Amino acid sequence: MAYKTKEWRNGMRVTVDFNYMMNKSLGERGITDEELRAIKGKAEQAYAYVKENRGKDELYMGWTELPYNQDEIVNDILATAKQIRKKFKYFVVLGIGGSALGPSMVFNALKHLHYNELPPKKRGGPKFYVEDNVDPVRMQALLDVIVPEETCFNVISKSGATSETMTQFLIIADILEKAGVSLPDNMIFTTDACRGNLIKIDEKYGGKFKKYVLPDGVGGRFSELCPVGLLPAAVLGIDIKGLLAGAAYMDSLCNKPSIAKNPALALASLHYITMQQGKNIHVLMPYSDNLKLIADWYCQLWAESLGKAVDYAGNTVNAGTTPVKSLGVTDQHSQVQLYIEGPYDKVITFISVEKYGCEMPIAHGCEDIPDVGFLGGHTMQELIQAENKATAYALMRAGRMNYTINMPEINAFTLGQLMFMLELQTAYAGALLNIDTFNQPGVENGKKATFALLGKKGYEGQKKEMDEAPALDGKYIV
Ligand code: PA5
């Protein structure tokens, strides 16, 4: 495999350029070298915390070892994916949150943008869908385009208690059973090793379901590099060993406690400094349609990890910055006006691509119309890259902090690097903030309130409390 040669790996290195965060570019609005020096000690502590706790299941840090401890699982996944590609016309992920955003993002990044519309020979694998909601219209739309008997459903849920995923499961299970299909023939579970409701369901079927483990120390939003993401990716024919090799490579680039030498630590530190300045919005703006969904995936990673009420010392901190997804160049014609002239409350991250999947020459024409004629003879790649650079420059000139993550090209190896860097960055940022990066008490509260509203046993107290709370249909209706 090409990613195994050192030269190739180094040529595919994902890098970060944060010049436009600094006072040398932004004047008094930029970060100074003194500020970087001042945070050095804290950054070193954050690095040490993550390093010391790597792989610890009890702290939900098992994800750090995923690039190294899955050889057997990967081989099993590749064998299963081969069978699925032969046997099924459709592959559907049933899940939500961390179980759905990763598979969607990798699909979007590494497969044809109109994959499902390609003729079967060009597609090479089953049509692919991810049900990331319980909108009845969406479920019906799915049922209108698949044949359930010819579909492999991958139910992904660590707890097996997530109402959305289990609703999807119940609907599909009913359809399959009514069609005379034995569920284990058309369903694969990705779940906890021994706890959770999918395990109970499997027991009822005599242990016949094919199961993959969502490891103990891996939370949903950090799970893309375990079977949660690897099975769907392998079914799509994506190089999953390349994804893991990319993650391991990035890990090796982040093995120093120095802002100057560790890109993930540098980004976490920059964000920490800007958080202290009250910059509470973080925009992620990839200049590639293939990377559009990395922004969705990252928004969950950053928001659910850092949005916390209290720190480890018990102080109320209400930490976190609001991640915003954006797409270059599309959003230059909507949001960028705000970024350039609105409040100084944002940090903008661009993801730039050096070599796109194709060039697309722009034909000559309309030479007598200067606004149009100058485009001919260039390529779309040149245009998108010029617009990317121009936007970063314009923001810098307007005193707006921005930095760029550079991807030599989009492939499994570089995507693995990008994911792992963003995961490490999030872990370092959480350590800098002294919060629990890996829990989600707010989400759990919402889940419990839903249980109460739908009359789940054991939630009667919560239902009563909700009934007595100020009603949404009170006074202020227009
Ligand atoms: O990041 C997380 O932990 C969440 O988004 C979960 O992935 C999501 O709530 C689904 O949970 P489960 O895997 O238990 O169905």
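Just so it is clear, the values below take in all heavy atoms, side chains as well, and ignore hydrogens, waters and symmetry mates. Residue numbers count from 1 along this sequence. Ligands are counted one by one from 1 in listed order, and the atoms in each one are counted from 1 as well. Predicted model, so just to flag it, every value in this text is computed and none were measured.
- Proximity of Phe350 to Leu284: side-chain heavy atoms (C-beta onward) are nowhere separated by under 4.5 Å.
- In this structure, Tyr312 and Tyr49 have tilted ring planes: the angle between them lies in the 30° to 60° band.
- Remark: minimum distance from atom 2 (C) of ligand 1 to any protein heavy atom is reached at Glu304 OE1, 3.4 Å.
- Once rounded to the nearest 0.5 Å, the distance linking CZ of Arg400 with CE of Met21 reads 13.5 Å.
- From the protein, the heavy atom lying nearest to atom 13 (O) of ligand 1 is Lys158 N, 2.8 Å.
- For the pairing with Phe222, the ring-ring contact (aromatic ring centres under 6.0 Å, His included) check across Phe420, Tyr60, Trp63, Trp297 returns one residue only, Trp63.
- Between His271 and Tyr403, the gap from one ring centroid to the other is short of 6.0 Å.
- In this structure, atom 11 (O) of ligand 1 lies nearest to the protein heavy atom Thr162 OG1, 3.3 Å.
- Taking a cut-off of under 4.0 Å to the non-hydrogen atoms of Ser159, the atoms of ligand 1 that pass are 12 (P), 14 (O), 15 (O).
- Of the protein's non-hydrogen atoms, Gln300 NE2, 2.7 Å is the one closest to atom 5 (O) of ligand 1.
- Ligand 1 has an N or O atom lying under 3.5 Å from an N or O atom of Gly98, backbone or side chain.
- Residue Ser99 approaches ligand 1 through these ligand atoms, each under 4.0 Å from one of its heavy atoms: 7 (O), 13 (O).
- Proximity to Lys447 (heavy-atom distance under 4.0 Å) selects the following atoms of ligand 1: 9 (O), 11 (O).
- Heavy-atom proximity to Ile96, at under 4.0 Å, picks out these atoms of ligand 1: 7 (O), 8 (C), 10 (C).
- Counting atoms of ligand 1 from 1 in the listed order, those under 4.0 Å from a heavy atom of Gly220 are 1 (O), 2 (C), 3 (O), 7 (O).
- Here the rule is side-chain hydrogen bond (donor to acceptor under 3.5 Å, both in side chains) with Arg221, and of Gln300, Glu423, Glu304 only Glu304 fits it.
- Partner Met275 forms a side-chain contact (heavy atoms from CB on, under 4.5 Å) with one of Leu270, Asn280, Leu306 and no other, that one being Leu306.
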